[in-house]
*Asks:* 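Please find one structure pasted underneath; my questions will follow.
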Amino acid sequence: MHDFGLNNEQMLAVNDADGAILVIAGAGSGKTRVLTARICALVDSGVSPYNILAITFTNKAANEMKERIARELGYDADGVWTSTFHSMCARMLRMDAERLGYTRDFTIYTDLESERVVKRVCETVAGADAKRKGVYLDHISRAKTAALSPEEYFEETKDVVTDANTVALVYRAYEKELKACNAMDFDDLLLKTVELFQKCPDVLERWQRRFRYINVDEFQDTNRLQFRLVKMLSAVWGNVFVVGDEDQSIYSWRGAEIRNILDFPKEFPGAKVYKLEQNYRSTKNILSAANNVIKHNSSRNEKTLWSALGDGQEVEYFDARTDRDEADFVTRTINRLQVGGENYRDMAVLVRANSLTRLFEESFTLHGIPYKVFGGFRFFERKEIKDTLGYVRLAVNPDDNDAFLRVVNYPKRGIGASAVAEVALAAERNGISYLEVLKRGGLLSAASEKKLSKFAAVAEAISSALKEMKPVDFMQYVITGSGLEDALKLSEDPEDRNRYENIEGLVDAVRNFEEDNPEAGIADFLQSVSLVSDSDGMDEENYVTIATVHAVKGLEFDNVFIIGLEEGIFPTASAVANGDVEEERRLMYVAITRAKRRLYALSAYSRFRFGKVESNPKSRFIAEMRGDKASVRVTGAYFAGMRKEEKKPVFSQGKKGSPVFISAPKRRADAPDFSEFVKGVVVEHAKFGRGIVRETVGEGEDKTAAIEFEGLGVKRFALAIAINSLSIVKE
DNA sequence: CTCCTTTGTCTTTTT
DNA sequence: GACAAAGGAG
């Protein structure tokens, strides 16, 4: 028996082996421990590890779980299948891809590739606008998650989506191209697995029989297809153990259905529900801030986390004047904490959007604070890396037209749009891939044929190298054989030096991968690259974590800074505009509950964004966090020391539909211009709130405006003076 | 065909 | 402000 130090409720959940079980696990309530303990308990009771499936949200979480189980059980852990839904599906599909008309070497297209395909496809679809590729892809993803074909999608949405027809046409063309490329996108991994199960009951049965016990972590962030997979796989044994917390559902924009967890008892009749409400992570002060925030949400199961830990330090809210002051405060505080004995690795700066990390990177670099940024640009998304991997993709899967297009003129070979268009046309006419057009020969004009023959030889050489070389050597060969090495080394562009180093980094990446997976080939490496998650790079070194809130789901830190707490940023402008901030609030809840001992919340009065200075009201979450009891200490130096007319906007507390506030552009004193203030314009005033300009008098610095505020009547302002507390509301 | 300039879009989050 | 896409000149 293994001692996990479980409390009573946890113990009950863990030892309840059979049937459908839902564990509602509040933040920091020992969710992962319960899951691990459960799997160990199953093995202890005689269940073969081979019959256990454990699904996690990221590959990193999967590996950690595997390690934990291994530590407890020893060698037995190998049999337990732990992975993400996507990795699981990829593995299952590789085994039986032929039965769906794909080869087992099918390529996984990430969003980057999907977008390129959509863009390309738009050229062939009448009425499609390539600029709207993101919108199309969004609809396509929704359709796929709902398991709708293009035709079904059109029927379902023709009354609500204005260009449903165009979307359906793009969707169909996209599907056709993906199939021709022997490629699947992220949604396909799930959808095609469901299709495989429906089409081939023998395959489904094989997996059903194998997985007697199915365990799913982070169930609040599963989508409809994932739910369906769980249902299908569990149909024989009915042993489904899911763990989640609807308050931490933060991926609905990606199709996650909170319903999956809320309706679990309905979908699995007789399901038992356990609630874990004791938090082992955070101090009381931090927890009450979290509870104060989340209780404003309506669609949730009532639960209140409690902690047996002490009150701890008060939560601190720093009211900064500018985004620079905000970064300064964080830098200073980190320094102070570090001097006081805290480790950098126990500190995290959490942001709502990737673009907010920059100032912190600058400031930390300046002050010698080691840091790592998670979320945002990833190594494998760099253009030169993507392009180089294009050669690998093409060798593994010769039908991969997207890979072909990436590398045909990289490095430059004088092959332009017209030659490529010729290839595409010939491919379309003969129903073959782009590469096949070159291999067959005689399908192009003599000039194009000649230009492309060099590339054809390169592709051919790389393709045969794939069969002969070990992954690391092959990767090195790709870099030299493609001509990239020479081109980049001889280049005069100083950036190319850097690019070359990044590309060389690929060889190391393959080497590392090979060490961890000695049996795996280069194709497995490609797959792992497609399915990496942001937190995968996190390790034990001593650095401050700068990350998006999404990227730190499931992690914890002693000291947490949540920055950018302004309306329009956190919550985001679109959430505010749509009047739906519940998911933003859950995100805030996740952010707060990452903190174990110290929590700092920050906002800035003015912030430099999109090349402009903007000013947004404080986030409603600050007021919510404080709740009835003032457990939050305000240390913002800005408000107190300000001149009267510079006072920042008051809380727009709970005001629904608050739009983004962009401050009026600062004018030089010698050329005042308040031309944006005209009759009918909606403005926000620091003290009086929202108002409408009713009348203006005068010009330039003498201009005054009469503004009507709701419930306050009309007030008159000299704009030159009032400009610091007035901003125009951009709808 | 390539290079340079200009223009437009972006910033919500990612398996 | 940064970067990609588009457009024009060589």
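Chain A is the first sequence line, chain B the second, and so forth, proteins listed ahead of strands; every chain is numbered from 1.
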*Asks:* Out of C:dA2, B:dT12, B:dT15, which nucleotide sits closest to the side chain of A:Thr84?
*Replies:* B:dT15
*Asks:* Students often get this wrong, so: under 4.0 angstrom with heavy atoms, is A:Phe608 touching a base, only sugar-phosphate, or nothing?
*Replies:* sugar-phosphate
*Asks:* If you only use heavy atoms from C-beta on, which nucleotide in B:dT11, B:dT12, B:dT2 is closest to the side chain of A:Asn409?
*Replies:* B:dT2
*Asks:* Could you tell me whether A:Lys451 contacts a base, only the sugar-phosphate backbone, or nothing, with contacts defined as non-hydrogen atoms closer than 4.0 Å?
*Replies:* sugar-phosphate
*Asks:* Might you confirm whether atom CZ of A:Arg324 has over 12 heavy atoms from other residues, nucleotides or ligands at distances under 6.0 Å?
*Replies:* no
*Asks:* Write down the partner of B:dT13 under the Watson-Crick or G-U wobble criteria, each distance required to be under 3.5 Å.
*Replies:* none
*Asks:* Check every strand shown and say whether A:Ile415 touches a base, only sugar-phosphate, or nothing at a heavy-atom separation below 4.0 Å.
*Replies:* sugar-phosphate
*Asks:* Give a yes/no verdict on a cation-pi contact between A:Lys553 and A:Phe57, requiring under 6.0 Å between NZ or CZ and the six-membered ring centre and an angle within 45° of the axis.
*Replies:* yes
*Asks:* Measure from the side-chain heavy atoms of A:His86 and tell me the nearest of C:dA2, B:dT15, B:dT9.
*Replies:* B:dT15
*Asks:* Has A:Arg586 got its NZ or CZ under 6.0 Å from the middle of the six-membered ring of A:Tyr589, at an angle within 45 degrees of the ring axis?
*Replies:* no
*Asks:* Touch check for A:Arg586, heavy atoms < 4.0 angstrom, all strands: base, sugar-phosphate only, or nothing?
*Replies:* nothing
*Asks:* Any salt bridge between A:Glu582 and A:Arg300, counting N to O under 4.0 Å?
*Replies:* no
*Asks:* Using a heavy-atom cut-off of 4.0 Å across all strands, would you classify A:Ala575 as base, sugar-phosphate, or nothing?
*Replies:* nothing
*Asks:* Does A:Asn354 have a side-chain nitrogen or oxygen under 4.0 Å from the phosphate oxygens OP1 or OP2 of B:dT13?
*Replies:* yes
*Asks:* Can you tell which of B:dT11, B:dT13, B:dT9 lies closest to the side chain of A:Ser355?
*Replies:* B:dT11
*Asks:* Would you say A:Glu422 and A:Ser445 are linked by a side-chain donor-acceptor pair, where the criterion is simply a distance under 3.5 Å?
*Replies:* yes
*Asks:* Between A:Leu587 and A:Ser418, name the one whose nearest nucleotide on DNA chain B is closer to the 5' end.
*Replies:* A:Ser418
*Asks:* Below 3.5 Å, does any donor atom in the side chain of A:Arg352 face an acceptor in the base of B:dT13, or the other way round?
*Replies:* yes
*Asks:* Which one, B:dT15, B:dT11, B:dT13, comes nearest to the side chain of A:Arg609?
*Replies:* B:dT11
*Asks:* Looking only at the side chain of A:His550 (C-beta and beyond, no hydrogens), which of the listed nucleotides C:dA5, B:dT13, C:dA2 gets closest?
*Replies:* B:dT13
*Asks:* By nearest heavy atom, map A:Gln226 and A:Glu584 onto DNA chain B; which one lands nearer the 5' end?
*Replies:* A:Glu584
*Asks:* Using OP1 and OP2 only, check whether a side-chain N or O of A:Thr548 sits under 4.0 Å from B:dT14.
*Replies:* yes
*Asks:* Can you tell which of C:dA2, B:dT15, B:dT12 lies closest to the side chain of A:Ser574?
*Replies:* B:dT12
*Asks:* Rounded to the nearest angstrom, tell me the gap between atom CG in A:Asp111 and atom C1' in B:dT13.
*Replies:* 12 Å
*Asks:* In the structure shown, which nucleotide is the Watson-Crick or G-U wobble counterpart of C:dG7, with both distances under 3.5 Å?
*Replies:* B:dC4
*Asks:* With the criterion set at under 5.5 Å between ring centres and under 30 degrees between planes, would B:dT13 be stacked on A:Trp253?
*Replies:* yes
